[in-house]
2 protein chains.
Amino acid sequence: MSKNKKLPGNDPDHKRIPRSVIRRLPVYLRTLDNLVKNDVEVVTSMELSERTGFTAEQIRKDLGHFGTFGTRGTGYHAEALRNELLKIIGLYEKTAVIVVGAGHLGTALLRYNVNRNPYTNVVAAFDTSPDVMGQRILDVEVLPVSRMPEVVRKHNVKAAILAVPSENVQAAADQVVKSGVEVIFNFAPIWVQAPPGVFVHNADLSIELQSLIYYATREEAFRSKGV
Amino acid sequence: MSKNKKLPGNDPDHKRIPRSVIRRLPVYLRTLDNLVKNDVEVVTSMELSERTGFTAEQIRKDLGHFGTFGTRGTGYHAEALRNELLKIIGLYEKTAVIVVGAGHLGTALLRYNVNRNPYTNVVAAFDTSPDVMGQRILDVEVLPVSRMPEVVRKHNVKAAILAVPSENVQAAADQVVKSGVEVIFNFAPIWVQAPPGVFVHNADLSIELQSLIYYATREEAFRSKGV
DNA sequence: TCATGTGAAGAGCTTCACAGCA
DNA sequence: TGCTGTGAAGCTCTTCACATGA
């Protein structure tokens, strides 16, 4: 029986901050960014709550895991808190990312990501097919897998987005790990294994869609009675 | 302050099965499908545990929310359990889905989904741009938004995948809701609102990637000491 | 006075441990 | 005997409530 006690390969002892907290941090970050852009100087946890949908208490608790950043009776200095969050998440310097698999999904993710995101930067795409080799997608070059270690070293690449067919995805994961990447964001519908110290997030979109369907079908009874 | 007590628009009173349980069901489903394909007749919770990575107790508890499907001392009949899961999730009849936005991401999701998934079926894509109108992507036609209500009714569409630019995504959500869709799977980096009874899942890939970066940067200290 | 920061209470999920049944 | 089904215990995360300090 496989135990999930300490997910092997995932977070051996990372200061024990709940994952749910970590997932909310970039939402706070984006919100603060917008506030700073609109020249807002001070923001309360209640205002952040309105903009993010999380409760004010939760926001204060989340921040409390990392230090004390506010001023009692006043709130938080938006820009200062934004900068703290950048440091906490590890996005203070723009983070280099690679995309493995330059097919339809890989290409789309690359475009999506490059445009929508001020903190991460796709520095290269990799593929094995000669058809796409050397092509440029929005300034990003498609390179052969053999050049991956060099690129990872040169740009200090932190994360790899895997958008390759299921058959190849474990090999692709092994390759990016060997090249020195620490985080894997996998879109293939197969769960990828990685050694301890490498963090894997499997985004299995088919599975997610299927689980959503559950929430559609509950009302079937009503519906067929004719709403 | 926005309270998340009973997320408005999300699950007004859905039998209170934990979301974490619902997310695991499609994983069990896929595993059982593979077993059935390999002519396995009986499977124990321990074997399912090995194949899914969840603990055997958790699998038994999860199933226990919906009834009793096993035989003590023996295990579960793989095909029977597969069929029960199909009914529970609501996938017993192939579920019709639409894709809104036939750009790069929409197209990629459409291809990804159509191929990889025996339970859901993309019946149409919608877009506003004349450039893509009438095109076919893997047998799926790109239609004008005006035809959405008709298509949703005809195919009994349950879910909509939104892959439109942020500026248009709330309008797109309003449109699919008006057309009768009950579940929204949104890929735009903006959280979409929907009326009660409509279930929204926001898959904000930039935010997810950013939160993963957190797990890369923790070891920075080691790394710069030269591993 | 007002909003943060934080122990304590509560809710939600997971794991344990074993009774129950083929 | 062996594996399921399930209360109880345990753990994690969220919410409450208020002391604290600008």
Side-chain angles (χ1 to χ4, degrees), chain A residues 1-7 10-11 13-25 27-28 32 35 40-78 80-81 84-85 211, chain B residues 1-7 10-11 13-25 27-28 32 40-78 80-81 84-85 88 211:
Chain A
M1 158 175 9
S2 55
K3 284 267 177 188
N4 280 1
K5 272 276 174 64
K6 296 268 169 173
L7 310 169
N10 285 0
D11 187 349
D13 205 73
H14 278 148
K15 267 297 158 57
R16 253 333 98 230
I17 310 271
R19 262 172 79 166
S20 41
V21 173
I22 304 301
R23 274 196 297 260
R24 285 189 291 269
L25 298 181
V27 180
Y28 304 152
L32 288 163
L35 291 169
V40 174
E41 295 206 343
V42 172
V43 62
T44 65
S45 58
M46 227 166 82
E47 287 160 348
L48 287 173
S49 169
E50 276 157 16
R51 284 162 193 272
T52 60
F54 304 118
T55 67
E57 303 89 320
Q58 189 163 56
I59 293 169
R60 294 202 301 274
K61 256 261 137 111
D62 286 356
L63 296 175
H65 282 106
F66 304 99
T68 72
F69 307 110
T71 310
R72 293 174 195 227
T74 309
Y76 302 88
H77 188 277
L81 184 55
E84 290 294 340
L85 279 170
S211 78
Chain B
M1 151 172 18
S2 55
K3 283 268 176 187
N4 281 359
K5 269 279 173 61
K6 294 269 168 175
L7 310 168
N10 285 359
D11 186 348
D13 205 71
H14 278 150
K15 269 293 159 61
R16 258 325 102 234
I17 310 270
R19 275 196 35 189
S20 42
V21 173
I22 304 302
R23 275 196 297 260
R24 286 190 290 268
L25 299 181
V27 181
Y28 304 152
L32 287 163
V40 174
E41 296 206 342
V42 172
V43 62
T44 64
S45 58
M46 226 165 82
E47 287 161 347
L48 286 173
S49 168
E50 277 158 16
R51 285 162 194 272
T52 61
F54 305 119
T55 67
E57 303 88 320
Q58 189 164 53
I59 293 169
R60 294 202 301 274
K61 256 265 139 101
D62 285 356
L63 296 175
H65 281 106
F66 304 98
T68 72
F69 307 111
T71 311
R72 292 171 196 229
T74 307
Y76 302 88
H77 188 277
L81 184 56
E84 291 294 341
L85 278 170
I88 292 165
S211 78

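Please read these numbers as outputs of a predicted model, since none were measured by experiment. The chains referred to below are lettered A, B, ... by the order of the sequence lines, with proteins before strands, and numbering in each begins at 1.
The separation between H77(A) atom NE2 and dT4(C) atom C1' is 17 Å, rounded to whole Å. Between H65(A) atom NE2 and dT6(C) atom P the separation is 11 Å, expressed in whole Å. One can place NZ of K61(B) at 12 Å from P of dC16(C), the figure rounded to the nearest angstrom. Atom CG of D62(A) and atom C1' of dG5(C) are 13 Å apart (whole Å). With rounding to whole Å, E57(A) atom CD is found 14 Å from dG5(C) atom P. Rounded to whole Å, the distance from CD on Q58(A) to P on dA3(C) is 20 Å. dG5(C) atom C1' lies 12 Å from atom CZ of F69(A), rounded to whole Å. One interatomic measurement links the two molecules: CD1 of I59(A) to P of dC13(D), which rounds to 18 Å at whole-angstrom precision.
Looking at the side chain of R60(A), the nearest of the listed nucleotides dC18(D), dA22(C), dA22(D) is dC18(D). Ranking dT6(C), dA22(C), dT14(C) by closeness to the S20(B) side chain, first place goes to dT14(C). Taking only side-chain atoms of R72(B), from C-beta outward, the nucleotide of dT4(D), dG5(C), dT14(C) with the closest atom is dT4(D). Among the nucleotides dC3(D), dA22(C), dG7(D), the one closest to any side-chain atom of T44(B) is dC3(D).
No side-chain donor from either of S211(B) and R23(A) sits under 3.5 Å from a side-chain acceptor of the other.
OP1 and OP2 of dA22(D) both lie 4.0 Å or more from every side-chain N or O belonging to Y76(A). Considering only side-chain N and O atoms, T71(A) lies nowhere under 4.0 angstrom from the phosphate OP1 or OP2 of dA22(D). Remark: T55(A) is in phosphate contact with dT15(D), judged by side-chain N or O atoms under 4.0 Å from OP1 or OP2.
Both V21(B) and L63(A) sit near DNA chain C, but only L63(A) has its closest nucleotide nearer the 5' end. A residue-by-residue look at R24(A) and G73(B) shows that G73(B) has its nearest nucleotide of DNA chain D further toward the 5' end.
The shortest distance between side-chain heavy atoms of Y76(A) and T71(A) does not fall below 4.5 Å. In this structure the side chain of Y28(A) never reaches within 4.5 angstrom of the side chain of L81(A), judged on heavy atoms. Inter-residue side-chain proximity for F54(A) and S49(A) is flagged as unmet; no heavy-atom pair is nearer than 4.5 Å.
Residue-level contact check: G64(B) touches neither bases nor backbone, having no heavy atom under 4.0 Å from any strand.
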Hey, mind stepping through Q58(A) and K61(A) against side chain to side chain contact (heavy atoms under 4.5 Å, CB included) and telling me if it holds? CA-CA 5 Å; Q58(A) 189 163 56; K61(A) 256 261 137 111; 5.6 Å; no
